[in-house]
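Working notes, beginning with the structure itself.
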There are 2 protein chains.
Amino acid sequence: MASPLARKRISESTIHRLSLYYRTLSLLEKENYETVSSKELAKREKLTPAQVRKDLSFFGSFGTRGLGYNVNELKSKIESILGINRDWKVALIGVGNIGSALVSYKEFAKQGFHIIKLFDNDQRKIGSNHKGIIVSDIKNLDSEIKEAGITMVILAVPATVAQYIVDDVVKAGVTAILNFAPINLRVPPTVHLRNENMSMELEYLSFAMVNNHAPKKSK
Amino acid sequence: MASPLARKRISESTIHRLSLYYRTLSLLEKENYETVSSKELAKREKLTPAQVRKDLSFFGSFGTRGLGYNVNELKSKIESILGINRDWKVALIGVGNIGSALVSYKEFAKQGFHIIKLFDNDQRKIGSNHKGIIVSDIKNLDSEIKEAGITMVILAVPATVAQYIVDDVVKAGVTAILNFAPINLRVPPTVHLRNENMSMELEYLSFAMVNNHAPKKSK
DNA sequence: GTGACCATGTGAAATGGTTCACAAGAAGTA
DNA sequence: TACTTCTTGTGAACCATTTCACATGGTCAC
């Protein structure tokens, strides 16, 4: 059995699949499943049972031979692996198209990501109320982020200003950034950065159609 | 040199990186770069030069030894590989939070993805105007999609109804679907499906923070 | 034209990720 | 208890992707 804390490099794909398992386990829970086998889980994700077992084995042995995994238990194990067994305070910067959609995006809150601060530089937006949150002036970014103890930020600003804001939020102590701007950002090595690029998947689709690439499971 | 039409399986990662190269080439074009080396391109994407050259080599030899790649030319090569050297007519289904943000999302149009039809089942939304497009009743999905010759659809509806709509759009002749609903959809093998799961990247961030996973380049 | 330099394109090697195959553990049955 | 059945957990084998390393071919200065 692998120790939960074994310092082994876990692949990005494994983590992404844990997210999928988590979502499916939540569903199984609602459907009142007691247990689930790697076979069943694999079927739902269009993966192989071995893949599922291997992914989980990096973190421990959570199953029972002959029986499978206890749905509740596995779900909560994955929660703690992914770090979503707690509440995250998140600031959202840029209350434009994407930004305002994200404020209302329920999946985030479901998994413990709570947007508690909104920032913008547009005077018409500052002071306005989105889902109970008042939009702050981006000038107050530093103090408000520090005060609220926020370490995670969603960036939904135009590409032209994204880097400046990144520099600022990093100074304010943020260590995780989810970036929606179509630009490559620079962050210090201590800061985690992920990019959400919605065109990418459309481009993959058009590639697949044009080249008659065999349809495959999606990421 | 690999023939552009060699039937070799191209990896998903390679295609995603082409998207990145494309974006950066557009930028370089604006910055009036004539040529770019694999080294420079790699630096901007935080990849290795060999990776860049290998990716491109699957599709042909586009560079000049001693000089690098012509920015304009490479950009247009990638455009045709990705199938974005043409206009795609896209229908967007579900004009809620996410949906209405996507209508205004400029990156799509920039790359040739034109949302020309909106559908919803909410009487209050049907008939309303979003960026010049009138929201249609989802009841007319089949006829309107066929009539407009749409083959690509963005799905931004609640998870509970997503599968029904997928079945309908497939019947209407759609062969590519970008799904934002947090659910695993079933499509026939002839239909391309990609999922956009915005929670996944946040979960990756929280995993990285909690496990002190060395920050790495983002996808 | 010649020489120095540079960066591509690509086999081969190395690395990393997925699948196989099976020993071993647990549950249920008689 | 003994037997059957089921499914996990995991080394080993396999396959895919990335990186290395270098021959090749082109540019540019003089």
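Chain letters run A, B, ... following the sequence lines, proteins first and then strands; every chain starts at 1. Since the model is a prediction, treat every value here as computed from it, not as a measurement.
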Which whole-number value in Å describes the distance from B:E40 CD to C:dT8 P?
11 Å
Contact nearer the 5' end of DNA chain C, comparing B:S37 with A:S11:
B:S37
Report yes or no: is the cationic atom of B:R17 (NZ for Lys, CZ for Arg) closer than 6.0 Å to the six-membered ring centre of A:Y204, at no more than 45° off its axis?
no
Could you walk me through whether B:D55 and B:T14 pass the side-chain hydrogen bond (donor to acceptor under 3.5 Å, both in side chains) check?
CA-CA 6 Å; B:D55 282 338; B:T14 291; 3.1 Å; yes
So which nucleotide from D:dG9, C:dT8, D:dT17 ends up closest to the side chain of A:S57?
D:dG9
Base D:dT7 to side chain A:R65, donor-acceptor N/O within 3.5 Å cut-off
no
B:F62 CZ to D:dG26 P, in whole Å, measures 17 Å
Would you please confirm or rule out a distance under 4.0 Å between OP1 or OP2 of C:dT19 and any side-chain N or O of A:T48?
yes
Do B:R86 and B:F113 meet the cation-pi criteria used here (NZ or CZ under 6.0 Å from the six-membered ring centre, within 45° of the axis)?
no
What is the distance, to the nearest angstrom, from the OH atom on B:Y69 to the P atom on C:dC6?
18 Å
Any A:S61 side-chain N or O less than 4.0 Å from OP1/OP2 of D:dT8:
no
Rounded to the Å, how far apart are A:R53 CZ and D:dT7 P?
10 Å
Could you state the atom-to-atom distance from CD of A:Q51 to P of D:dG9 in whole Å?
15 Å
Atom-pair distance (CZ on A:R9; P on C:dG16), nearest Å
10 Å
Starting at atom CG of B:L41, determine the distance to atom P of C:dA7, rounded to an integer number of angstrom.
13 Å
Is the phosphate of C:dT18 approached by A:R17 (side-chain N or O, under 4.0 Å from OP1 or OP2)?
yes
Verify whether one side chain among B:S38 and B:R53 offers a donor that lies under 3.5 Å from an acceptor in the other.
yes
Apply side chain to side chain contact (heavy atoms under 4.5 Å, CB included) to B:E196 and B:I154, showing your working.
CA-CA 10 Å; B:E196 193 73 66; B:I154 299 174; over 6 Å; no
Rounded distance in Å - CG (B:D55) to C1' (D:dA16)
13 Å
Which is true for B:T14 with a 4.0 Å heavy-atom rule: it touches a base, it touches only sugar-phosphate, or it touches nothing?
nothing
Determine the contact category for B:K54: base if any of its heavy atoms lies under 4.0 Å from a base atom, sugar-phosphate if only primed atoms, P, OP1 or OP2 are that close, otherwise nothing.
base
